[in-house]
Amino acid sequence: MTLRRRVTLMSALVVGATLVLASVTCYFVMRGELRGQIDDSLREQGHQVARIPPQRIDPTFPRRVPQPQRRTGASQAYVQFVSADGTVRRPPGSTEPRLPVTAATRAIARSSSTRHALQDTHADGAHLRMLTVGVPGRGAVQLARSLTSVDRALSRLRIVLVLLTVVGTAFAALLARILSRPVAAPTEHELAVSQGALADSLAAQRQLVADASHELRTPVTSVRTNAEMLRDASYVPDDERRLIAGEVVEQAEELTALIGDLIDLARGDVPDPAVEDVRLDALAYESVQRARRHAPGLDFRLDAEPCVVEGAPERLARAINNLLDNAAKHSPDGAAVEVTLRAGVLTARDHGPGIDPDDLPHVFDRFHRGANARGRPGSGLGLAIVRQVAEAHGGSVALEAAPGGGTLARLTLPAERVETVTA
Ligand SMILES: Nc1ncnc2c1ncn2[C@@H]1O[C@H](COP(=O)(O)OP(=O)(O)OP(=O)(O)O)[C@@H](O)[C@H]1O
Ligand SMILES: [Mg+2]
């Protein structure tokens, strides 16, 4: 038998058995409750009979015997008197069928005691619950109530419970069958693709770790050399000591920036949980302000139309900052840097030397630094981060030679134009 069949069968068995148990319990509790009410009312009338002095019971017919009450909706009531010699007397004008007189009834009638017995019986095809109470020295009184409505209610309950059990069990089996449906095994091609993607991702991670270790080694070595020099030199003139300490601080700052970049890159394509509607024009404005503070000798110009993009504000700001840092880094003193934002496309155009065409295809590679970057601070991670942020937001980034010299960086994001309200 297959595992799926076994799971289906087991689920159906467990649910079925539970439903049967619950139904049987429910049925007998209800049966006891309904029949109990009839027994209680018969016993109550039986007690009344037992309290009547025997001499006051008329042997022709005990008129004083309380008749079972006939309330609207109550079950049909029967009564008859059985004398000690077995003669049966019934209320005058009684149309109800005669109650059966058994040897046990006669024994109670003869017993001269107030013994009583409850039993199920039939009279003229009707199912009855009957109480026989002894009247000492006179005989016995038989009181009965019809069980027809109780039987009808119980038979309806039986149908409902059986249906519930059958439907519940079938439903459980169906559910188990659906849930245990075997997941389609991946095809060879799908397996190969996912293995290939895994191998690529592992290789990329290894490459990042190797490149990062290499890049980190240089500033760490410089910091160490400078620190050792300060420690070991017996005498270092004050201004030289300040120079070396200044270098250590600068290298430590570079290290901090590099580590920040590496952390950003190592996030890969993991989506940022703090995604919100970001006003791209506001971010561009803040980035330009920041760039002006960092490079006060340059002329940054901003022309941005209001637009909103769904994304992580810190990451988007980082991408714009990296583009503006590059423009600033390669601009001659006093030159202009024009920043525009139109229909989700942010451009940053500088008037620097531009990028060597041989370098252009590699500028987005991690740790790639062009020949024009030699002697300038940086680790070659800025554009790799911009690309990662752009792609994570469903956009792209490109660099090109600007007409008339310089570089034009273009960051495209799925932004939507917003109307600003003017007061
Ligand atoms: N505006 C630009 N003008 C000229 N060359 C540029 C410009 N932007 C980028 N490049 C070239 O692309 C290379 C890669 O840029 P990227 O921003 O990734 O690294 P970086 O600026 O050298 O270092 P980092 O950004 O990590 O501080 C640079 O080294 C540089 O050669
Ligand atoms: Mg850069």
Side-chain angles (χ1 to χ4, degrees), residues 204 207-208 210-220 222 250-267 284 287-288 290-295 297-302 314-340 345-392 396-412:
Q207 188 61 45
L208 176 64
D211 292 348
S213 319
H214 178 260
E215 287 300 310
L216 285 167
R217 201 168 294 138
T218 317
V220 167
S222 315
E250 208 173 290
Q251 286 151 357
E253 276 169 3
E254 261 181 48
L255 261 176
T256 312
L258 181 57
I259 289 166
D261 286 352
L262 285 171
I263 290 171
D264 234 21
L265 278 174
R267 292 155 69 119
S287 287
V288 166
R290 171 185 170 276
R292 283 180 183 140
R293 282 196 303 275
H294 286 197
L298 295 177
D299 177 17
F300 280 93
R301 296 172 193 170
L302 174 67
E314 300 82 28
R315 301 193 75 200
L316 290 166
R318 186 89 194 255
I320 301 173
N321 289 342
N322 285 357
L323 293 181
L324 299 192
D325 284 350
N326 282 354
K329 209 186 297 186
H330 297 280
S331 287
D333 272 351
V337 175
E338 290 105 15
V339 182
T340 66
V345 182
L346 182 133
T347 62
R349 188 230 202 270
D350 63 60
H351 296 268
I355 302 173
D356 190 324
D358 292 342
D359 267 337
L360 206 52
H362 308 291
V363 286
F364 291 101
D365 295 349
R366 287 171 188 158
F367 302 107
H368 176 86
R369 305 205 70 210
N372 60 3
R374 243 165 257 148
R376 292 194 164 95
S379 51
L381 289 177
L383 287 178
I385 291 171
V386 180
R387 183 167 65 177
Q388 194 183 62
V389 173
E391 287 174 358
S396 62
V397 60
L399 248 61
E400 62 193 56
T407 303
L408 179 79
R410 197 189 298 275
L411 173 65
T412 307

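Position 1 is the first residue of the sequence; numbering continues from there. Atoms within each ligand, like the ligands themselves, are counted from 1 in listed order.
Taking all heavy atoms of V337, V386, L399, N372 into account, the minimum distance to atom 4 (C) of ligand 1 is reached by N372. Considering only non-hydrogen atoms, atom 22 (O) of ligand 1 lies nearest to R369 out of H351, R369, H362. Across the listed options A373, P353, A328, S379, S379 owns the non-hydrogen atom lying nearest to atom 24 (P) of ligand 1. Among I355, L381, N322, the residue whose heavy atom lies nearest to atom 10 (N) of ligand 1 is I355.
Considering backbone and side-chain atoms alike, A384 places every N or O at 3.5 Å or more from each N or O of ligand 1. For D359, no nitrogen or oxygen atom sits less than 3.5 Å from a nitrogen or oxygen atom of ligand 1, counting backbone and side chain alike. Where the criterion is an N or O separation shorter than 3.5 Å, residue side chain and backbone included, G370 meets it with respect to ligand 1. Polar contact check, G380 against ligand 1: a nitrogen or oxygen pair lies under 3.5 Å apart.
Among all non-hydrogen protein atoms, the one lying nearest atom 11 (C) of ligand 1 is V363 CG1, 3.9 Å. Counting protein heavy atoms only, atom 7 (C) of ligand 1 is closest to H330 CD2, 3.6 Å. In terms of protein heavy-atom proximity, atom 27 (O) of ligand 1 is nearest to G378 CA, 3.2 Å. In terms of protein heavy-atom proximity, atom 17 (O) of ligand 1 is closest to N326 ND2, 2.8 Å. Nearest to atom 20 (P) of ligand 1 among the protein's heavy atoms is K329 NZ, 3.6 Å.
Residue contacts with ligand 1 leave out R376, since none of its heavy atoms falls under 4.0 Å from the ligand. Using a 4.0 Å cutoff on heavy atoms, D350 counts as a contact of ligand 1. Ligand 1 lies less than 4.0 angstrom from a heavy atom belonging to G354. Using a non-hydrogen distance threshold of 4.0 Å, G352 does not register as a contact of ligand 1.
Judged by distance alone, with hydrogens and angles left aside, the side-chain atoms of D359 form a donor-acceptor pair with the main-chain N or O of A371 at under 3.5 Å. Counting only distance, with no hydrogens or angles, the side chain of N372 and the backbone of G354 share a donor-acceptor pair below 3.5 Å. A donor-acceptor pair is defined here as one N or O able to donate and one able to accept, closer than 3.5 Å; no such pair exists between the side chain of R376 and the backbone of H330.
To the nearest 0.5 Å, atoms CZ (R410) and CZ (R349) are separated by 11.5 Å. Residue L360 holds its CG atom at 5.5 Å from CD1 of I355, rounded to the nearest 0.5 Å. Taking CZ from R318 and CD from Q388, the interatomic distance works out to 10.5 Å, rounded to the nearest 0.5 Å. Separating the CG atom in L399 from the CG atom in L411 is a distance of 11.0 Å, to the nearest 0.5 Å. Atom OG1 of residue T412 and atom CG of residue L346 lie 9.0 Å apart, to the nearest 0.5 angstrom. Here L408 contributes atom CG and T340 contributes atom OG1; the two are 7.5 Å apart, rounded to the nearest 0.5 Å.
Using a 4.5 Å cut-off on side-chain heavy atoms (C-beta onward), L323 and V386 make contact. Contact of the L216 side chain with the I259 side chain is registered, since non-hydrogen atoms from C-beta on lie closer than 4.5 Å.
Proximity to H368 (heavy-atom distance under 4.0 Å) selects the following atoms of ligand 1: 13 (C), 14 (C).
Between the Mg ion (ligand 2) and N322 there is no N/O/S contact shorter than 2.8 Å.
Under 4.0 angstrom from ligand 1, the non-hydrogen atoms of L383 come from both its backbone and its side chain.
Looking at R290 and D325, a side-chain N of the basic residue comes within less than 4.0 Å of a carboxylate O on the acidic one, giving a salt bridge.
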